[in-house]
Amino acid sequence: MIAPATFPRAARLLKPQDFARLRRISRHVGTRHFSAEVAANEQGGPRLGLAISKRVSKSAVRRNRIKRIARDHFRRTRAELPAVDILLIARSSADQEDNASLRAELVRLWQRIAAFNEAVH
RNA sequence: GGAGCCGGCCAAGCAGCCGCGUCACGCUUUGCGUGCCGAGGAAAGUCCGGGCUCCACAGGGCAAGGUGCCAGGUAACGCCUGGGCGGCGCGAGCCGACGGAAAGUGCAACAGAAAGCAAACCGCCGAACGGCAUCGCAAGAUGUGCGUGGCAAGGGUGAAACGGUGCGGUAAGAGCGCACCGCGCGCGGGGCCAACGCCGCGUGGCACGGCAAACCCCACCUGGAGCAAGACCAAAUAGGGGAGCUAUGACGUGGCCCGCGUCGCUCCCGGGUUGGAUGCUUGAGCCCUGCGGCGACGCAGGGCCUAGAGGAAUGGCUGCUCACGACAGAACCCGGCUUACCGGCCGGCUCCCACU
């Protein structure tokens, strides 16, 4: 399946049950500014959930920036990802990085998720 | 031209590509396509005021909290407008919890004699009574500031010390007397009412120091919880079992009491769930014009629809331009206040300088 670079609702974690299930069975993958809870799903494609707490920044504007970068990167690259659920958690250091370096971080994170998925199968 | 005051407005712009959300339309309808629209002046802090919703309709008393010059505006307000008073500024203007201290209680560091009823450290006085000295036969006179005393002008302390200036007066002094000023009280005028104390008249020698963001008094206001409020649909589940106690008992009721309403009650086990959709944006709405009003604002007519998410959209990248871009992200909705903020534009006004 070759998905376009879109971000439909089917590619998001929407319900509390989705998050609860993921936390129950997930494995942890991390980089310098992000960490992620990852687990295979039965949806036929990757799904993303975001957790940017107020510990990262008290400013809603600055938290939104991180979320938007993450979403945008996900929609561009989700065709390359395996069918996994990802709960992306920002570390407080992410607030200090500019957009370009956040994207570079996400590229690294995606590589580790792919490698992790290879190892499971 | 420079410095400044007030009011209003904007919040980098343009293009391309890739995305996200609501709505409308269409289609081959778990989706796709096209089109429109898509954060703020503060969306923020959650400090006030309302709408809306539910709480066995909210009645009385006490408590608690809030507000506090006057009038008006408003759905309401702790907001706004106008006025008064006080303070600051040359000025345009700005700032002010600004009711009551002749109802009570209380407070005032340090300094100072004394902080509220009067009192007296330095000081001033020698009138009165007494002492002493001198003179005198005596009565007494003079002197002395020693005792009892008189005084509060001057000095000094303080944030604050029981009106000010002058003349008279006196032993020295003192509203002790008088003139003017100030102050209190009363009456009249003014302020369209009022706060106020601008003017006039009368009256009182002046009796009333400060603090009420100290208690307090007075006047007015406040029922509680909040959209995870609440109401709806569908499916599933349950509406039961055991033990004990006894109605001057328990609960509703989130300050307390009364009142009102409901019901047998307590403990243990079991159950009290999940999803969808609603509330959700048309509203004390916005923009023009006219009329009334100093103004806040009101009335009338016409026009407009301007985010509505729900693990949460409103974005990312690239290029160009310039004055190189601040504070900051809607979550039920309004009206305010407060706080944050790179800069820019418009209008009105003040002061200074120069020129004509």
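In what follows, chains are A, B, ... by sequence order, proteins preceding strands, each numbered from 1. Everything numeric here is computed off the predicted structure, so don't read it as measured data.
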Trainee: Please state whether the base of B:G19 and the side chain of A:Asp72 form at least one donor-acceptor pair under 3.5 Å?
Mentor: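 A donor-acceptor contact between them is absent.
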Trainee: Apply the syn/anti split at 90° from 0 to B:U306 and say which one it is.
Mentor: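 Glycosidic conformation of B:U306: syn.
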Trainee: Between B:C178 and B:A160, how far is it from one P atom to the other, in whole Å?
Mentor: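 B:C178 and B:A160 have their P atoms separated by 33 Å.
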Trainee: What integer number of Å spans the P atoms of B:G173 and B:C151?
Mentor: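 Here B:G173 and B:C151 have their P atoms 14 Å from each other.
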Trainee: Check the distance between B:C20's P and A:Leu50's CG and give it to me in whole angstrom.
Mentor: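 To the nearest whole Å, that distance equals 15 Å.
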Trainee: Any side-chain N or O of A:Arg12 below 4.0 angstrom from OP1/OP2 of B:G19?
Mentor: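 So the side chain of A:Arg12 is outside the cut-off, no N or O lying under 4.0 Å from OP1 or OP2 of B:G19.
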Trainee: In Watson-Crick or G-U wobble terms, both distances under 3.5 Å, what is the partner of B:U203?
Mentor: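 Pairing partner: B:G184.
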Trainee: Output the rounded distance in Å from CG (A:Leu87) to P (B:A312).
Mentor: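 In whole Å, B:A312 P lies 11 Å from A:Leu87 CG.
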Trainee: Could you measure the distance from the CG atom of A:Leu88 to the OG atom of A:Ser35? Nearest 0.5 Å is fine.
Mentor: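 Answer for the CG-OG pair, A:Leu88 versus A:Ser35, is 7.5 Å.
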Trainee: Taking syn as within 90° of 0 and anti otherwise, name the glycosidic form of B:A11.
Mentor: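 Chi for B:A11 falls in the anti range.
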Trainee: Is a side-chain N or O of A:Glu37 found less than 3.5 angstrom from the main chain of A:Leu87, in a donor-acceptor match?
Mentor: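 Flag not set: sc A:Glu37 to bb A:Leu87 has no pair under 3.5 Å.
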Trainee: Return the pairing partner of B:A58 with a 3.5 Å limit on both distances, Watson-Crick or G-U wobble; otherwise return none.
Mentor: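 Pair assignment: B:A58 / none.
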Trainee: Of all the nucleotides listed (B:G316, B:C20, B:G329), which has the minimum atom distance to the side chain of A:Ala60?
Mentor: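 Ranking B:G316, B:C20, B:G329 by closest atom to the A:Ala60 side chain puts B:G329 first.
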Trainee: Is the base of B:G41 syn or anti, where syn means the angle lies within 90° of 0?
Mentor: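 For B:G41, whose glycosidic angle is within 90° of 0, the conformation is syn.
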Trainee: Watson-Crick or G-U wobble partner for B:G65, using a 3.5 Å limit on both distances?
Mentor: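 Its partner is B:C221.
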Trainee: On RNA chain B, nearest-nucleotide positions of A:Asn99 versus A:Val61: which is more 5'?
Mentor: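 Final value for this comparison: A:Asn99.
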Trainee: With both distances kept under 3.5 Å, what pairs with B:A234, Watson-Crick or G-U wobble?
Mentor: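 Answer to the pairing question: B:U274, which forms a Watson-Crick or G-U pair with B:A234.
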Trainee: Heavy-atom distance under 4.5 Å between the side chains of A:Ile113 and A:Ile86, does that happen here?
Mentor: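 When only atoms from C-beta onward are counted, A:Ile86 and A:Ile113 do touch, with a gap below 4.5 Å.
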Trainee: Check every atom of B:A313, B:G316, B:A328 against the side chain of A:Arg71 and return the nucleotide holding the closest atom.
Mentor: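 Of all the options, the side chain of A:Arg71 is nearest to B:A313.
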Trainee: May I ask you to check whether over 12 heavy atoms, not counting those of A:Arg32, lie within 6.0 Å of atom CZ?
Mentor: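 For A:Arg32, atom CZ is not crowded (no more than 12 foreign heavy atoms under 6.0 Å).
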Trainee: For B:G315, give its Watson-Crick or G-U wobble partner with both distances under 3.5 Å, or none.
Mentor: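 With both distances under 3.5 Å, B:G315 matches B:C18.
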Trainee: Any idea if B:A296 is syn or anti, going by the 90°-from-0 cut?
Mentor: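 Anti, angle beyond 90° from zero.
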Trainee: What is the separation between atom NZ on A:Lys54 and atom P on B:A312, rounded to the nearest whole Å?
Mentor: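 For the pair A:Lys54 NZ and B:A312 P, the rounded distance is 17 Å.
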Trainee: Distance check, C1' atoms only: B:C322 and B:A11, in whole angstrom units.
Mentor: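 The answer is 16 Å between these two C1' atoms.
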Trainee: For B:U134, what is the paired nucleotide under Watson-Crick or G-U wobble rules, both distances under 3.5 Å?
Mentor: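 B:A141 - that is the nucleotide pairing with B:U134, both distances being under 3.5 Å.
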Trainee: Taking the side chain of A:Ile69 as its heavy atoms from C-beta onward, which of B:G329, B:C20, B:G316 lies nearest to it?
Mentor: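 Taking heavy atoms from C-beta onward, the closest nucleotide is B:G316.
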Trainee: Roughly how many Å apart are B:G239 and B:C257, using the P atom of each and rounding to a whole number?
Mentor: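 It works out to 39 Å between them.
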Trainee: B:C5 and B:C95: how far apart are their P atoms, nearest whole angstrom?
Mentor: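 Here B:C5 and B:C95 have their P atoms 12 Å from each other.
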Trainee: In this structure, how many angstroms lie between the C1' atom of B:G45 and the NZ atom of A:Lys58, rounded?
Mentor: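 After rounding, the gap between these two atoms is 13 Å.
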Trainee: Which is true for A:Arg76 with a 4.0 Å heavy-atom rule: it touches a base, it touches only sugar-phosphate, or it touches nothing?
Mentor: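 Base contact - A:Arg76 has a heavy atom under 4.0 Å of at least one base atom.
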Trainee: Strictly distance-based, threshold 3.5 Å: is any side-chain N or O of A:Arg91 a donor or acceptor partner for the main-chain N or O of A:Thr31?
Mentor: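 Yes, the answer is positive, given that a donor and an acceptor are paired below the 3.5 Å cut-off.
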Trainee: Rounding to the closest angstrom, what is the interatomic distance between B:G59 and B:G261 at atom C1'?
Mentor: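 Pairwise C1' distance, B:G59 against B:G261, rounds to 14 Å.
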Trainee: Counting the atoms with a prime plus P, OP1 and OP2 as sugar-phosphate, which does A:Arg103 contact under 4.0 Å by heavy atoms, base, sugar-phosphate, or nothing?
Mentor: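 If one applies the 4.0 Å heavy-atom cut-off, A:Arg103 turns out to touch the sugar-phosphate alone, with no base involved.
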Trainee: Would you kindly check whether a donor in the side chain of A:Arg68 faces an acceptor in the base of B:G329, or vice versa, at under 3.5 angstrom?
Mentor: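 Answer is yes: a donor-acceptor pair is held.
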Trainee: For B:C349, which nucleotide is its Watson-Crick or G-U wobble mate, given both distances must be under 3.5 Å?
Mentor: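 For B:C349, the partner nucleotide comes out as B:G4, under the 3.5 Å rule.
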Trainee: So which nucleotide does B:C286 pair with, by the Watson-Crick or G-U wobble rule with both distances under 3.5 Å?
Mentor: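 Across any shown strand, B:C286 pairs with B:G303.
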Trainee: Given atom CD1 of A:Ile66 and atom C1' of B:G329, what is their separation to the nearest angstrom?
Mentor: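 These atoms are roughly 14 Å apart.
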Trainee: Take atom CG of A:Asn64 and atom C1' of B:G40, then tell me their distance rounded to the nearest Å.
Mentor: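 Rounded to whole Å, this separation is 14 Å.
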Trainee: Does the ring of A:Phe7 carry A:Arg71 above it, NZ/CZ under 6.0 angstrom from centre and within 45° of its axis?
Mentor: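 No - A:Arg71 does not lie over the ring of A:Phe7 by the 6.0 Å and 45° rule.
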Trainee: To the nearest 0.5 Å, how far apart are CD in A:Gln111 and CD in A:Glu80?
Mentor: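 Result: 10.0 Å between the selected atoms.
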Trainee: Describe the nucleic acid contact of A:Arg63 in one word from base, sugar-phosphate, nothing, applying a heavy-atom distance below 4.0 Å.
Mentor: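 Since no nucleic acid heavy atom lies under 4.0 Å of A:Arg63, the category is nothing.
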Trainee: Report the distance from atom CZ of A:Arg75 to atom P of B:C20, rounded to the nearest whole Å.
Mentor: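 A:Arg75 atom CZ is separated from B:C20 atom P by 7 Å.
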Trainee: Could you measure between the two P atoms, the one in B:G104 and the one in B:G210, and give it in whole Å?
Mentor: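 15 Å, rounded to whole Å.
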Trainee: Short question: side chain of A:Thr77, backbone of A:His73 - any donor-acceptor pair under 3.5 Å?
Mentor: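 Yes, because the side chain of A:Thr77 sits within donor-acceptor range (under 3.5 Å) of the backbone of A:His73.
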Trainee: On RNA chain B, compare the nucleotides closest to A:Arg62 and A:Ala100; which residue's is nearer the 5' end?
Mentor: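 Closer to the 5' end of RNA chain B: A:Ala100.
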Trainee: To the nearest Å, how far apart are A:Arg78 CZ and B:G316 P?
Mentor: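 It is 20 Å, rounded to the nearest whole Å.
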Trainee: For B:G163 and B:A152, measure between their C1' atoms and round to the nearest Å.
Mentor: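 Looking at atom C1' only, B:G163 and B:A152 are 15 Å apart.
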